[in-house]
Amino acid sequence: MIWLESQRNTNSVKVVTIEKVIDETPTVRTLVFSDEFLSKVLPGQFAMVWIPGVNELPMSVMISQEKSKAAFTVRKHGLASTALYSVKPGDQIGVRGPYGNSFTIKQGKLLLVGGGTGLVPLMRLATFLQKTDDVTVIMGSKTKQEVFFEGLANDILKQNKHVVLVVTEDGTYGESGLVTDAMQRLLKENTFDAVYTCGPEKMMRKIVQFAAEKKIYVEASIERMMKCGMGLCGSCCFGEVLACKDGTVFDGQYLLTNKEFGYTHRSKSGIMENY
Amino acid sequence: MIWLESQRNTNSVKVVTIEKVIDETPTVRTLVFSDEFLSKVLPGQFAMVWIPGVNELPMSVMISQEKSKAAFTVRKHGLASTALYSVKPGDQIGVRGPYGNSFTIKQGKLLLVGGGTGLVPLMRLATFLQKTDDVTVIMGSKTKQEVFFEGLANDILKQNKHVVLVVTEDGTYGESGLVTDAMQRLLKENTFDAVYTCGPEKMMRKIVQFAAEKKIYVEASIERMMKCGMGLCGSCCFGEVLACKDGTVFDGQYLLTNKEFGYTHRSKSGIMENY
Amino acid sequence: MTPGISTNVGPISLERPTMLASGILGISLEVFARLYKEGAGALVTKSLSKEPWEGYPNPTVIGVKSGYLNAVGLSNPGAAYFAKMISPNKSVPIVVSLVGSVPEDFTFMIKQFENVKVLAYELNLSCPHVEKVGLEVGDDPNLVQKIVKEVKKASKVPVIAKVGLGSSDYLETVRASCDAGIDAITAINTVRAMAIDVETTRPILSHKIGGLSGTPIKPIAVRCVYEISSKFDIPIIGCGGISSWEDAVEFILSGAKAVQVGSALVEKWTGVFSEINQGISRYMERKGFQKIGDMVGIAKKY
Amino acid sequence: MTPGISTNVGPISLERPTMLASGILGISLEVFARLYKEGAGALVTKSLSKEPWEGYPNPTVIGVKSGYLNAVGLSNPGAAYFAKMISPNKSVPIVVSLVGSVPEDFTFMIKQFENVKVLAYELNLSCPHVEKVGLEVGDDPNLVQKIVKEVKKASKVPVIAKVGLGSSDYLETVRASCDAGIDAITAINTVRAMAIDVETTRPILSHKIGGLSGTPIKPIAVRCVYEISSKFDIPIIGCGGISSWEDAVEFILSGAKAVQVGSALVEKWTGVFSEINQGISRYMERKGFQKIGDMVGIAKKY
Ligand SMILES: Cc1cc2nc3c(=O)[nH]c(=O)nc-3n(C[C@H](O)[C@H](O)[C@H](O)COP(=O)(O)OP(=O)(O)OC[C@H]3O[C@@H](n4cnc5c(N)ncnc54)[C@H](O)[C@@H]3O)c2cc1C
Ligand SMILES: Cc1cc2nc3c(=O)[nH]c(=O)nc-3n(C[C@H](O)[C@H](O)[C@H](O)COP(=O)(O)OP(=O)(O)OC[C@H]3O[C@@H](n4cnc5c(N)ncnc54)[C@H](O)[C@@H]3O)c2cc1C
Ligand SMILES: Cc1cc2nc3c(=O)[nH]c(=O)nc-3n(C[C@H](O)[C@H](O)[C@H](O)COP(=O)(O)O)c2cc1C
Ligand SMILES: Cc1cc2nc3c(=O)[nH]c(=O)nc-3n(C[C@H](O)[C@H](O)[C@H](O)COP(=O)(O)O)c2cc1C
Ligand code: FES
Ligand code: FES
């Protein structure tokens, strides 16, 4: 049966063909494919990505900058992400979703703080912002070689008043230190209407705390072990909420009541582990 | 789940409550119930009607003259139809459908010829006609007591140029003889743009032949043993077509090529029997 | 019609892999001829018994969310009547489905078709809603073995066993059939199921319990074809919830050499056969498969 | 919460008849507490094993037309860990689901819960996709009888057996459980099934074969509840494809004293419990039923 795209069963695996692979850094690549449906998802939503014969991983839906196309940006890490990182144009992967809620679009002076592939949903978010917003992006990485999306962020925000601040831990590029240091410094001289963050959870915890101290609205996108992505298996539980369904985006007020946030998460078998 | 009426699965049994029972003759009753969905079907379409604990029968969808209401008109005959005939207001029956195709609406000088409960789809058809049409209805029955829908037909067609001709076999009311006699007589002095008929198959065969001889467009609605009503079981086969799905309405040109028409039909086990 | 999609189910050659399933529109030669012309590769008849059967009272077939329930009760005009009815047939590939309780029932019926053109017999060992036949036979591998042996002796054409999910291991029914020399397996029949109306608090089907067909059973049927083809070296015909070419290909990849279509007739009517055939054909072209055989069972290699 | 819909599943009293099915969101006490607050009458945990299990690699859960396939592989943190995790529980009615191969597996696990508040145990005799446990146990009535006997000896709380469709007669599993003194039966688990992707020609689940859940299996599950309640005098919990109050009532009419909800969480999320409870409550009012017990199994009288 030909499903009209609007009737697509979001939980069924749809196989798509990789059309383009973009090297972002020596360990990060963006994979572009045609998919009307995923090209239109909200910022913060993710897909479950099947690498046939290997595994299936949750991946934030990246922007593709081309109509009807969608993309993922993946960092090679373990077996599955390395297999995904290694796909070539013409290779097929399966996608299902989109899953999860999305960032709440606020207006005014906005701060986006991302680390590593946590930048993916933030880039998508940037495309949803008003041209009248004043947007600051802080992007962190270990070293110069690992910086990516700087040009993209400037490009997306070119009609906005904006700053893209790159922070490297070793100081080989941009500011030296951690994104949290940069944020703290910014907060001394600026106020913001909203802060959005995605990246390592310990980092996000600090960012949420900093924003909360200044009473700034803040949202973070959470990662947990995900098997189903649709609220069935429970593997993504995060306190009493489920990251895949109630999240992945939560606001700071809630996050600071969640005892797991920044401290613990669960393994594949469901055993609690510390970050 | 609350199905929006537009999403209703037409093949699932929906239980409705009888609201009104109208005696048409000592052996024919009209049963009225609320059902938005069936209130809107095309003329000639039928439903499968479940009499809980008894049986399920195909029934033409009757008009109800009230918004959002639907009706069946049933003649008591064997076990199942007598059970249906005997329902009281407040009783529940199940319906699924609508099934089947419908009469083709033509314009001009139209002739409707019905016998017994074959009048049911013709009454529905009458409500679909243009006010500019010139409509003749011939309704046949054995005797005066069995005449019904005469008033209804006049009422539906009150804004049309129209004639309602009642024919009884014993001459106790209206014209004496058979509907086919009346039709033959009419055809001598009149021509028609289309003829529609429903009733005993031998009668319909004659009507189709008469119309065909005069090159008048003619349609007849066919009855066959129906179990599924939706094109699965095969019990309603009629030559190479299936009455429930390809019909129940067929045009004269086709019908005269069908060797079963007016002669044979199949029993519950599928054995061919003569009319 | 379309080249490239002919297939061999063991000794049974089909021009097209898409067959009409048993019990679906299956009581008239004229209807068979029409469906063959419209694209079906072969037509399986309604399951026939020794004597004519009326079947159960209505409701016998109803819809449920996304599928269908039926307990028709194997109504059929009997083998003798049916044989006579299809005796004029010259060119339509008809598979005669038979249902019975003991070997003699089957051999008696086969005798009725002695001078009739029949492509193959399909033994219904899996009807889930009639006592003493169907699943009650299929659940007894010893009886199955006896029946298949006798039928193979009596029949001049290939014999298929149709299995389904009963109260014993259906793979044992397959094994018994294979041991007795069956030519092919059809899997699966409907799955025992029922629906209760909450307003009247009654089971809806007059027989209460019937068989579930359509979309809901497809993943179960694919699993069965995969299991049979993984364990036995026997040609398989896949059946259960097939309504698109993707569905048909899914069965072929899991091990079927042909497929049967039933419930999809409701939504797609008689065009379903050519739609599926064309879809398979285009898929094969796109994927570089030369013939159906190239695709059969390749999902098993992973 | 809503009066009138409390129910007794044998010795198990529930404020509300709508339970969370095993394996669904079932690994955290906080989530259980939330779902209880949102309307679930009891929460069944993910099936626990003696040792922690990682389960299979992804894909482990996918959608198919109108339903879901899963082969999670019973990933769980192990009984001991889990017991400790839920030990602070005072008020949430938790049913602990256990999976194992031999009686000692089960008695070992029950020991871990000695000082933990547990409403009942549910023995998973029906998981269709893990070797040596689940259905492979359920398919062996002798083993089932031994396990139930030992568990009943070891447990201070009621014990439920969860059955499903395997390769033997599930009614024999029920019989063996009843003979060994089981307190209730949950029916059914997922049905063995699979999906193959036609583009890659591969089975999609990493374990290839998994279990079908959701809407497609409802008519099968209703049939099982009806059969069990027709043949045995044992309290039943219905499970399989329940997503609306009508579905829940259908199970109750066919013989269930309570129901479990799983796959419907995907579409209706945590509101599904109170939606169903309210629907049942309104239905009872409309039909004049005073308590759930008045409805149980009345479809059998026709
Ligand atoms: C909502 C969401 C969005 C994500 N978006 C992106 C993205 O855009 N780009 C990107 O590169 N990565 C993203 N990830 C992370 C990604 O899913 C993997 O966790 C990561 O790529 C490591 O995978 P691996 O198999 O190589 O790890 P392995 O080396 O096999 O495992 C290392 C760790 O990875 C994590 N992991 C493995 N499998 C899963 C899983 N199924 N669900 C969650 N975590 C898992 C676990 O913490 C595990 O311990 C996202 C994760 C989530 C939950
Ligand atoms: C499309 C269609 C529309 C119909 N519309 C009407 C209508 O509006 N009003 C009305 O009174 N009758 C209608 N009928 C006829 C009705 O369905 C029954 O056939 C009739 O009421 C006799 O039923 P019974 O059970 O009393 O007959 P029985 O005495 O049990 O059987 C007598 C004969 O009735 C016929 N019959 C019984 N069951 C069926 C069945 N399931 N399908 C077809 N024929 C059957 C057979 O010819 C049977 O031999 C319609 C039939 C069809 C096919
Ligand atoms: C109304 C109906 C009647 C059926 N009658 C028979 C039958 O007589 N013999 C048989 O072997 N199978 C019978 N079946 C089962 C079908 O042949 C088929 O195995 C089943 O419906 C699954 O296929 P589907 O999902 O494509 O319908 C019947 C199915 C339906 C729906
Ligand atoms: C993702 C998933 C995991 C499951 N895990 C278990 C399990 O661990 N133990 C068990 O007894 N049943 C398990 N089941 C089966 C469910 O408890 C339930 O029996 C089945 O899904 C049918 O109900 P549903 O249609 O409402 O989902 C699981 C089902 C799903 C979908
Ligand atoms: S990933 Fe399964 S519930 Fe969230
Ligand atoms: S009534 Fe079943 S095919 Fe027409």
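In the text below, chain A, chain B and the rest are named by the order of the sequence lines, each starting its count at 1.
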How close do [X] and [Y] get, heavy atom to heavy atom, and via which atoms?
{"X": "D/Pro59", "Y": "D/Ile204", "value": "CG-O, 3.4 Å"}
{"X": "D/Ala187", "Y": "D/Ile228", "value": "CB-CD1, 3.7 Å"}
{"X": "C/Val272", "Y": "C/Ala264", "value": "CG2-CB, 4.2 Å"}

Hey, mind stepping through D/Val259 and D/Ile237 against side chain to side chain contact (heavy atoms under 4.5 Å, CB included) and telling me if it holds? CA-CA 5 Å; D/Val259 297; D/Ile237 302 168; 5.6 Å; no
Measuring heavy-atom distances to chain C, does D/Val64 have an atom under 4.5 Å in its side chain, in its backbone, in both, or in neither?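 D/Val64 touches chain C through side-chain heavy atoms alone.
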Given heavy-atom pairs under 4.5 angstrom as the criterion, report whether the side chain, backbone, both or neither of D/Ile220 touches chain C.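 For D/Ile220, heavy atoms of backbone and side chain both lie under 4.5 Å from chain C.
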Flag the one option from D/Cys224, D/Gly211, D/Pro219 with the top tally of heavy-atom pairs under 4.5 Å to chain C.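 Going by pairs under 4.5 Å, I would pick D/Pro219.
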Quick one: pull up CD1 in C/Ile252 and CZ in C/Phe289 and give me the separation to the nearest 0.5 Å.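 It comes to 10.0 Å.
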For the atom pair CD1 (C/Ile292) and CD1 (C/Ile5), what is the distance rounded to the nearest 0.5 Å?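 If we round to the nearest 0.5 Å, C/Ile292:CD1 and C/Ile5:CD1 are 6.0 Å apart.
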Are there donor-acceptor atom pairs under 3.5 Å between chain D and chain C, and if so which?
{"unit_1": "D/Ser167", "atom_1": "O", "unit_2": "C/Asp169", "atom_2": "N", "d": "3.0"}
{"unit_1": "D/Asp169", "atom_1": "N", "unit_2": "C/Ser167", "atom_2": "O", "d": "3.0"}
{"unit_1": "D/Arg192", "atom_1": "O", "unit_2": "C/Arg223", "atom_2": "NE", "d": "2.9"}
{"unit_1": "D/Arg192", "atom_1": "O", "unit_2": "C/Arg223", "atom_2": "NH2", "d": "3.2"}
{"unit_1": "D/Arg192", "atom_1": "NE", "unit_2": "C/Glu227", "atom_2": "OE2", "d": "3.0"}
{"unit_1": "D/Arg192", "atom_1": "NH2", "unit_2": "C/Glu227", "atom_2": "OE2", "d": "2.5"}
{"unit_1": "D/Met194", "atom_1": "N", "unit_2": "C/Pro219", "atom_2": "O", "d": "2.9"}
{"unit_1": "D/Ile196", "atom_1": "N", "unit_2": "C/Glu250", "atom_2": "OE2", "d": "2.9"}
{"unit_1": "D/Val198", "atom_1": "O", "unit_2": "C/Tyr283", "atom_2": "OH", "d": "2.5"}
{"unit_1": "D/Glu199", "atom_1": "O", "unit_2": "C/Lys287", "atom_2": "NZ", "d": "2.6"}
{"unit_1": "D/Glu199", "atom_1": "OE1", "unit_2": "C/Arg286", "atom_2": "NH1", "d": "3.0"}
{"unit_1": "D/Glu199", "atom_1": "OE1", "unit_2": "C/Lys287", "atom_2": "NZ", "d": "3.1"}
{"unit_1": "D/Glu199", "atom_1": "OE2", "unit_2": "C/Arg286", "atom_2": "NH1", "d": "3.4"}
{"unit_1": "D/Glu199", "atom_1": "OE2", "unit_2": "C/Arg286", "atom_2": "NH2", "d": "2.9"}
{"unit_1": "D/Thr200", "atom_1": "O", "unit_2": "C/Tyr302", "atom_2": "OH", "d": "3.4"}
{"unit_1": "D/Thr201", "atom_1": "OG1", "unit_2": "C/Tyr302", "atom_2": "OH", "d": "3.0"}
{"unit_1": "D/Lys208", "atom_1": "NZ", "unit_2": "C/Tyr302", "atom_2": "O", "d": "2.7"}
{"unit_1": "D/Pro219", "atom_1": "O", "unit_2": "C/Met194", "atom_2": "N", "d": "2.9"}
{"unit_1": "D/Arg223", "atom_1": "NE", "unit_2": "C/Arg192", "atom_2": "O", "d": "2.9"}
{"unit_1": "D/Arg223", "atom_1": "NH2", "unit_2": "C/Arg192", "atom_2": "O", "d": "3.2"}
{"unit_1": "D/Glu227", "atom_1": "OE2", "unit_2": "C/Arg192", "atom_2": "NE", "d": "3.0"}
{"unit_1": "D/Glu227", "atom_1": "OE2", "unit_2": "C/Arg192", "atom_2": "NH2", "d": "2.5"}
{"unit_1": "D/Glu250", "atom_1": "OE2", "unit_2": "C/Ile196", "atom_2": "N", "d": "2.9"}
{"unit_1": "D/Tyr283", "atom_1": "OH", "unit_2": "C/Val198", "atom_2": "O", "d": "2.5"}
{"unit_1": "D/Arg286", "atom_1": "NH1", "unit_2": "C/Glu199", "atom_2": "OE1", "d": "3.0"}
{"unit_1": "D/Arg286", "atom_1": "NH1", "unit_2": "C/Glu199", "atom_2": "OE2", "d": "3.3"}
{"unit_1": "D/Arg286", "atom_1": "NH2", "unit_2": "C/Glu199", "atom_2": "OE2", "d": "2.9"}
{"unit_1": "D/Lys287", "atom_1": "NZ", "unit_2": "C/Glu199", "atom_2": "O", "d": "2.6"}
{"unit_1": "D/Lys287", "atom_1": "NZ", "unit_2": "C/Glu199", "atom_2": "OE1", "d": "3.1"}
{"unit_1": "D/Tyr302", "atom_1": "O", "unit_2": "C/Lys208", "atom_2": "NZ", "d": "2.7"}
{"unit_1": "D/Tyr302", "atom_1": "OH", "unit_2": "C/Thr200", "atom_2": "O", "d": "3.4"}
{"unit_1": "D/Tyr302", "atom_1": "OH", "unit_2": "C/Thr201", "atom_2": "OG1", "d": "3.0"}

List the residues meeting side chain to side chain contact (heavy atoms under 4.5 Å, CB included) with C/Leu205, not counting sequence neighbours, and say none if there are none.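 Applying side chain to side chain contact (heavy atoms under 4.5 Å, CB included) to C/Leu205 gives C/Ile62, C/Leu69, C/Ala71.
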Test side chain to side chain contact (heavy atoms under 4.5 Å, CB included) applied to D/Ala221 - qualifying residues, sequence neighbours left out: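 Scan of D/Ala221 (side chain to side chain contact (heavy atoms under 4.5 Å, CB included), adjacent residues dropped) gives D/Ile188, D/Phe251.
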I need the residue from C/Ile196, C/Leu212, C/Ile217 with the largest number of non-hydrogen atom pairs under 4.5 Å to chain D.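 Answer, by heavy-atom pair count under 4.5 Å with chain D: C/Ile196.
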